[in-house]
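The next block holds one structure in the form of structure tokens; read it before the comments.
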Amino acid sequence: MIRLISKIARWAVGSLLITLFLWVVIGNIVANQKRKAARAQLEKIVEARLVNLPTYNDAALKLIELTAPLGISLGNGDIQIHPIDNYLTKQINFVVSSEKQLKLRNLQDKASTYFEGTLFTSDDNLAPLPDEISEFLTANQSIIRAIQAQLANGVKPTWGFPPEYLKGFLDPNINTWELPLPSRLDLVNLEKILVLQVISDDQSGNKAAVTKGLKASWNLADSVNNDSTLISPLIRIIISNYMIVVERKLINYIPDDSSAKDFSQRTTNLLHQALELEGGASQYSLAEYLSNAPVAKILSFDFETWASPDERFSLRWLNILRPIIQPYLFLSAINTWEVFTTNSDLAKGANICEYSSFATEIYGRNLGLWNSWTTGSVFDFYTQEHKAVYQQLAAELNHHILSAKRIKKDTGKWPSTLSNLESKICPGETWLYKVETDGTLSITLSAESEYLQDLASSSPTRPTLDFRGKASSGGGQ
């Protein structure tokens, strides 16, 4: 019996050693082949994006100068990190005083309360601006009008972007996670001021100013469109969220809704392009990074404080596992990229009304059963795409709201129904249009998706997918 057990043990150990040997040899060969193919594809994408990488044009530099007195530092940090010849030669004044920044922060706090309480709601009420906001707009009227004129009538600004970020996807010596990147969040701060001015002009009946203000805001959002990174389309979404809700709530002006529809579609395309680059590149660069990281760090999944210096020294023996672990890491990362690229068209046109978890449904179902290492955080990255699709739904709702408002303007009451209420963004779903007996209007989406509800509630500045219009509301054109 002991001999039999010993024989089985020797056979098991031998089989294990042979299996490990085959895995190390064949696994590394396959992983390296896939690495070369992935790098070639990534090089092609990065090189194409580097050719068209934007730089700061004169319109952007002018806007930097115009917004500085408001306490907004467009491109400030980026200019210091990546000097711009035009800026240096033209001596543009972009210095933002601490006093102006403090006033801006106070305005932002009051504006956020106003936006969340009256703008990003499902009813058509638009409360008067608080006195503090009106006073800020009045005190800075000439500056705001100059900014609107620059955006509405001038050349659209383009914003520079550091090429090192894209080069870092190919060069392991450049850690893209640590590069200082322009956040573009100050563009959102500027948009908030522009929206407040549009609301003020609408409430005072200045239709010409409303028209120019809306055009300026759409052009501002559309200026963030061509640096190939994920942050740009996300900033576009944030800015245009304000535009979508303000257009559906204006009292004395009914805008053309084509801007929102066209813009949302372009944003979806840009977000898709950004994910093509950053989604794949993040997996490739992560695999390259881990190939040089201590094995103990890989196993701990803690990239910041995985061990003390003494512990790092004592765990160095784990590096003997590298030949075994490395093929799995590469194959997992590349499998994730392959799933994303082969299913990207499906995701681009996905009907989010049908999914409980957008990324899992689109990508996770095609992931290799053996690939458990990259599933979590990676697909959180890809779920950004749903924000653009959600905004397309909000823009679709705007079309019906504004159509109903135009008819109400002419007839004095909401139309009993509208045509073409079928959703093109969520095929199979319909916008439920109903006029109550008291004359109030409701428009809701037929889909009862918890996923959509989670999206709607995940941000206080996301347009609702329902609308309530009071019987006495409406406005003139």
Side-chain angles (χ1 to χ4, degrees), residues 113-131 133-134 195-211 213-214 241-261 390-426 429-448 452-453 456-457 460-477:
T113 301
Y114 176 81
F115 287 141
E116 294 174 20
T118 190
L119 197 61
F120 288 91
T121 57
S122 58
D123 58 64
D124 64 348
N125 295 318
L126 191 57
L129 292 174
D131 291 341
I133 293 179
S134 296
V195 165
L196 291 171
Q197 185 61 59
V198 166
I199 294 172
S200 176
D201 290 334
D202 177 64
Q203 293 181 344
S204 65
N206 190 344
K207 298 176 184 177
V210 172
T211 303
L214 292 176
N241 278 346
Y242 284 89
M243 296 305 301
I244 287 175
V245 293
V246 79
E247 286 194 345
R248 69 172 62 165
K249 286 213 170 191
L250 291 176
I251 299 171
N252 296 303
Y253 184 80
I254 304 175
D256 178 9
D257 62 281
S258 60
S259 295
K261 290 191 294 183
Y390 181 97
Q391 189 178 76
Q392 284 186 277
L393 270 176
E396 189 175 61
L397 173 58
N398 262 32
H399 171 72
H400 299 310
I401 294 172
L402 298 178
S403 296
K405 281 193 169 187
R406 292 187 189 98
I407 296 174
K408 186 176 186 295
K409 169 184 172 291
D410 295 333
T411 65
K413 60 182 181 180
W414 297 113
S416 58
T417 187
L418 291 175
S419 59
N420 301 318
L421 289 169
E422 298 81 11
S423 175
K424 294 180 175 62
I425 310 303
C426 283
E429 303 296 341
T430 302
W431 291 99
L432 304 177
Y433 181 98
K434 183 179 181 181
V435 179
E436 305 291 349
T437 55
D438 61 358
T440 57
L441 168 68
S442 70
I443 308 178
T444 58
L445 188 64
S446 60
E448 296 182 357
L452 281 179
Q453 294 173 10
S457 60
T461 56
R462 184 162 288 141
T464 63
L465 295 182
D466 62 324
F467 176 76
R468 301 286 185 273
K470 56 183 181 292
S472 59
S473 66
Q477 181 75 316

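Taking Asp438 as the reference, Glu436, Thr440 meet the side chain to side chain contact (heavy atoms under 4.5 Å, CB included) condition, with sequence neighbours excluded. Under the side-chain hydrogen bond (donor to acceptor under 3.5 Å, both in side chains) criterion, Ser122 pairs with no residue, sequence neighbours left out. For Thr113, the side-chain hydrogen bond (donor to acceptor under 3.5 Å, both in side chains) test picks out no residue, with sequence neighbours left out. With sequence neighbours excluded, the residues that form a ring pair (Phe, Tyr, Trp, His ring centres under 6.0 Å) with Phe115 are Tyr242. By the side chain to side chain contact (heavy atoms under 4.5 Å, CB included) test, Ser416 is found to be paired with no residue, residues two or more places apart in sequence or in another chain being considered. Looking at residues two or more places apart in sequence or on another chain, you find a salt bridge (charged side-chain N to carboxylate O under 4.0 Å, His left out) between Arg468 and Asp466. Scanning for side-chain hydrogen bond (donor to acceptor under 3.5 Å, both in side chains) contacts around Ser423 gives Glu396, with sequence neighbours left out. For Val245, the side chain to side chain contact (heavy atoms under 4.5 Å, CB included) test picks out Leu119, Phe120, Pro463, with sequence neighbours left out. Take Ser446 and apply the side chain to side chain contact (heavy atoms under 4.5 Å, CB included) test, not counting sequence neighbours, and it matches Glu429, Thr430, Leu432. Not counting sequence neighbours, the partners of Asn241 by the side-chain hydrogen bond (donor to acceptor under 3.5 Å, both in side chains) test are Gln391.
Of the possible polar contacts, none joining the Trp431 side chain to the Asn420 backbone as a donor-acceptor pair under 3.5 Å is found.
Closest non-hydrogen pair, Lys249 versus Asn125, comes out as NZ-O, 3.1 Å.
With respect to the salt-bridge test (charged N to carboxylate O, under 4.0 angstrom), the residues Asp123 and Lys470 do not qualify.
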